Amino acid sequence: MLIGDELTELTVGRAGGVVKVCRATGDGWKCDRKVIAKDLCNAHYQQHKREVREFKPAQVKRRSDKTYSKFRCEASNQHPLAMPGASVWDCDREVRNTNKGLCDTHYMQTLASSVVKPFKAKLPMETILAYRDQRLKQCCTCKQVKSFEEFYKSKTSADSYRPQCVSCIKWIHIEGSFRLTQEGYWALLDHQSQSCAICKVKGLREVGTWHIDHDHSCCPKQGRSCGKCIRGLLCSSCNAKGLSWYENLPADLRNIPIFESYLSDPPAKKVLL
């Protein structure tokens, strides 16, 4: 079948809902896999991206006995690396021989944080497709269902949008670059009465509205902080023009009270421990 032909069938899934079936067909064969994108299953969608003229039957990949064993993952709440005080849980995934008795997911957890914990299963494909028809998507970080407009676009994703929403991406950047948690950020902003720590101008209670100021003598790299040298939240003018200009003045010229008061007693010292 040529790529341009349009043929999509509907079948009834196990839960009784309507499930789209891949439109790819050929000489003596017809694909019956679930649709992922563009009315195609994952295998034929990859063929479509490679711009093949005719679809080929999808090959079923079989696991080699040399790679996989018959054993199950040993991760549970009783595992030596499990989080203390966790509720009862266990994992029954297959184990790779090289992963020390753990499945791929729990093995990667030990490499990243030396802790094993239960992971959340993905949504059923029927639910994902139903959300997609309504231009909705569940953020993989905050687990909230939001419209496509609240996600950045992505060329590699099946639905053309990134897995994290815009808000979560901003928090990931803040926590990774400044070692500042959401709780610490909002506590600091509330301590400043939702205003700039220097000029006291009011602003919106939104992430990204305020600039995080830190002591560059501790962490000289721009946009990076160890978390201990954070001084406060500033408006764009005070951060980029006012304070930046003042700190570059010679020591005998630094006598502006509004800046001296902020530098001598930054609000973050009272809030962030």
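We're numbering straight along the sequence, starting at 1. As a basis for the values below, the full set of heavy atoms in this structure was taken, side chains included, without hydrogen atoms, waters or symmetry mates. Keep in mind that this is a model prediction, so the values were computed, not measured.
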Review point. What do the steps show when you test Lys137 against Glu150 for salt bridge (charged side-chain N to carboxylate O under 4.0 Å, His left out), and what is the final call?
Key: CA-CA 9 Å; Lys137 183 183 179 77; Glu150 297 186 58; over 6 Å; no

Check your understanding: Given the rule in the side-chain contact (heavy atoms from CB on, under 4.5 Å) test, do Ile169 and Phe151 qualify, once you have shown the distances and angles that lead to the verdict?
Key -> CA-CA 9 Å; Ile169 289 177; Phe151 293 83; over 6 Å; no

Check your understanding: Given the rule in the side-chain contact (heavy atoms from CB on, under 4.5 Å) test, do Tyr131 and Phe148 qualify, once you have shown the distances and angles that lead to the verdict?
Key -> CA-CA 10 Å; Tyr131 283 154; Phe148 280 168; over 6 Å; no

Exercise for review: Evaluate side-chain contact (heavy atoms from CB on, under 4.5 Å) for Val116 paired with Tyr107, printing each intermediate quantity in order.
Suggested key: CA-CA 8 Å; Val116 294; Tyr107 180 66; over 6 Å; no

Check your understanding: Do Asp265 and Lys270 pass the salt bridge (charged side-chain N to carboxylate O under 4.0 Å, His left out) test, and can you show the C-alpha distance, the side-chain angles, and the key distance before you say yes or no?
Key -> CA-CA 9 Å; Asp265 188 22; Lys270 303 177 182 177; 3.1 Å; yes

Exercise for review: Output, in order, the C-alpha distance, side-chain angles, deciding distance and verdict of side-chain hydrogen bond (donor to acceptor under 3.5 Å, both in side chains) for Tyr246 and Glu260.
Suggested key: CA-CA 10 Å; Tyr246 184 76; Glu260 286 298 316; 2.5 Å; yes

Practice item. For ring-ring contact (aromatic ring centres under 6.0 Å, His included), just list the numbers for Trp186 and Trp171, CA-CA rounded to whole Å, side-chain angles, deciding distance to a tenth of an Å, and then say yes or no. Key: CA-CA 12 Å; Trp186 295 127; Trp171 283 120; 5.6 Å; yes

Check your understanding: Going through the checks in order, is the side-chain contact (heavy atoms from CB on, under 4.5 Å) test met by Cys226 and Cys218?
Key -> CA-CA 8 Å; Cys226 62; Cys218 175; 3.8 Å; yes

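Put simply, the side chain of Ser261 never gets that close to the backbone of Pro257: no donor and acceptor are under 3.5 Å apart. Not a single donor-acceptor pair under 3.5 Å links the side chain of Arg132 to the backbone N or O of Asp159. Although no hydrogens or angles enter the test, the distance criterion places no donor-acceptor pair under 3.5 Å between the side chain of His214 and the main chain of Phe178. Looking at His191, its side chain never comes within 3.5 Å of a backbone N or O of Ala268 through a donor-acceptor pair. The closest donor-acceptor contact from the side chain of Ser225 to the backbone of Gly227 lies under 3.5 Å. Checking side-chain atoms of Arg179 against main-chain N and O of Lys228 turns up no donor-acceptor pair under 3.5 Å. Between the Lys30 side chain and the Cys22 main chain, no donor and acceptor come within less than 3.5 Å of each other. Gln47 places a side-chain N or O within donor-acceptor distance of the main-chain N or O of Lys56, the cut-off being under 3.5 Å. Remark: side-chain polar atoms of Ser244 are not paired, donor with acceptor, to backbone N or O of Lys241 under 3.5 angstrom.
Between the side chains of Thr156 and Ser154, at least one donor N or O lies within less than 3.5 Å of an accepting N or O.
By the neighbour-count criterion of 12 heavy atoms within 6.0 Å, atom NZ of Lys221 is sparsely surrounded, having that number or fewer from other residues, nucleotides or ligands.
If you take CZ on Phe259 and SG on Cys238, they are separated by 6.0 Å, rounding to the nearest 0.5 Å. Put simply, CG on Leu180 and CD on Glu175 are 8.0 Å apart, with the number rounded to the nearest 0.5 Å. Distance check, rounded to the nearest 0.5 Å: CZ of Phe55 to OG1 of Thr25 gives 8.5 Å. Atom CG of Asp90 and atom CD of Gln78 lie 10.0 Å apart (nearest 0.5 Å).
Residues His106 and Cys73 are in side-chain contact: their nearest non-hydrogen atoms beyond the backbone lie under 4.5 Å apart. Using a 4.5 Å cut-off on side-chain heavy atoms (C-beta onward), Val21 and Lys34 make no contact. Residues Arg224 and Cys219 form no side-chain contact, since every pair of their non-hydrogen atoms from C-beta on lies 4.5 Å or further apart. Residues Cys142 and Cys165 have side chains in contact (heavy-atom distance under 4.5 Å, counting atoms from C-beta outward).
Ile198 and Leu189 fall into different hydrophobic clusters, where Ile, Leu, Val, Met, Phe, Trp and Tyr residues are linked whenever their side-chain heavy atoms come under 4.5 Å apart, directly or through other members. The cluster map of Ile, Leu, Val, Met, Phe, Trp and Tyr, joined by side-chain heavy atoms under 4.5 Å apart, puts Met125 and Leu123 in the same cluster. Residues Leu136 and Ile128 share a hydrophobic cluster, clusters being chains of Ile/Leu/Val/Met/Phe/Trp/Tyr side chains in contact below 4.5 Å. Linking Ile, Leu, Val, Met, Phe, Trp and Tyr residues whenever their side-chain heavy atoms come within less than 4.5 Å places Val271 and Ile212 in a single cluster. Leu272 and Trp210 fall within the same hydrophobic cluster, where Ile, Leu, Val, Met, Phe, Trp and Tyr residues are linked whenever their side-chain heavy atoms come under 4.5 Å apart, directly or through other members.
Evaluation of the salt bridge (Lys or Arg N to Asp or Glu O under 4.0 Å) rule for Glu149 yields Arg135 as partners, not counting sequence neighbours.
Ion pairing of Arg254 with Glu247 is absent here, as no side-chain N (NZ or NE/NH1/NH2) approaches a carboxylate O to less than 4.0 Å.
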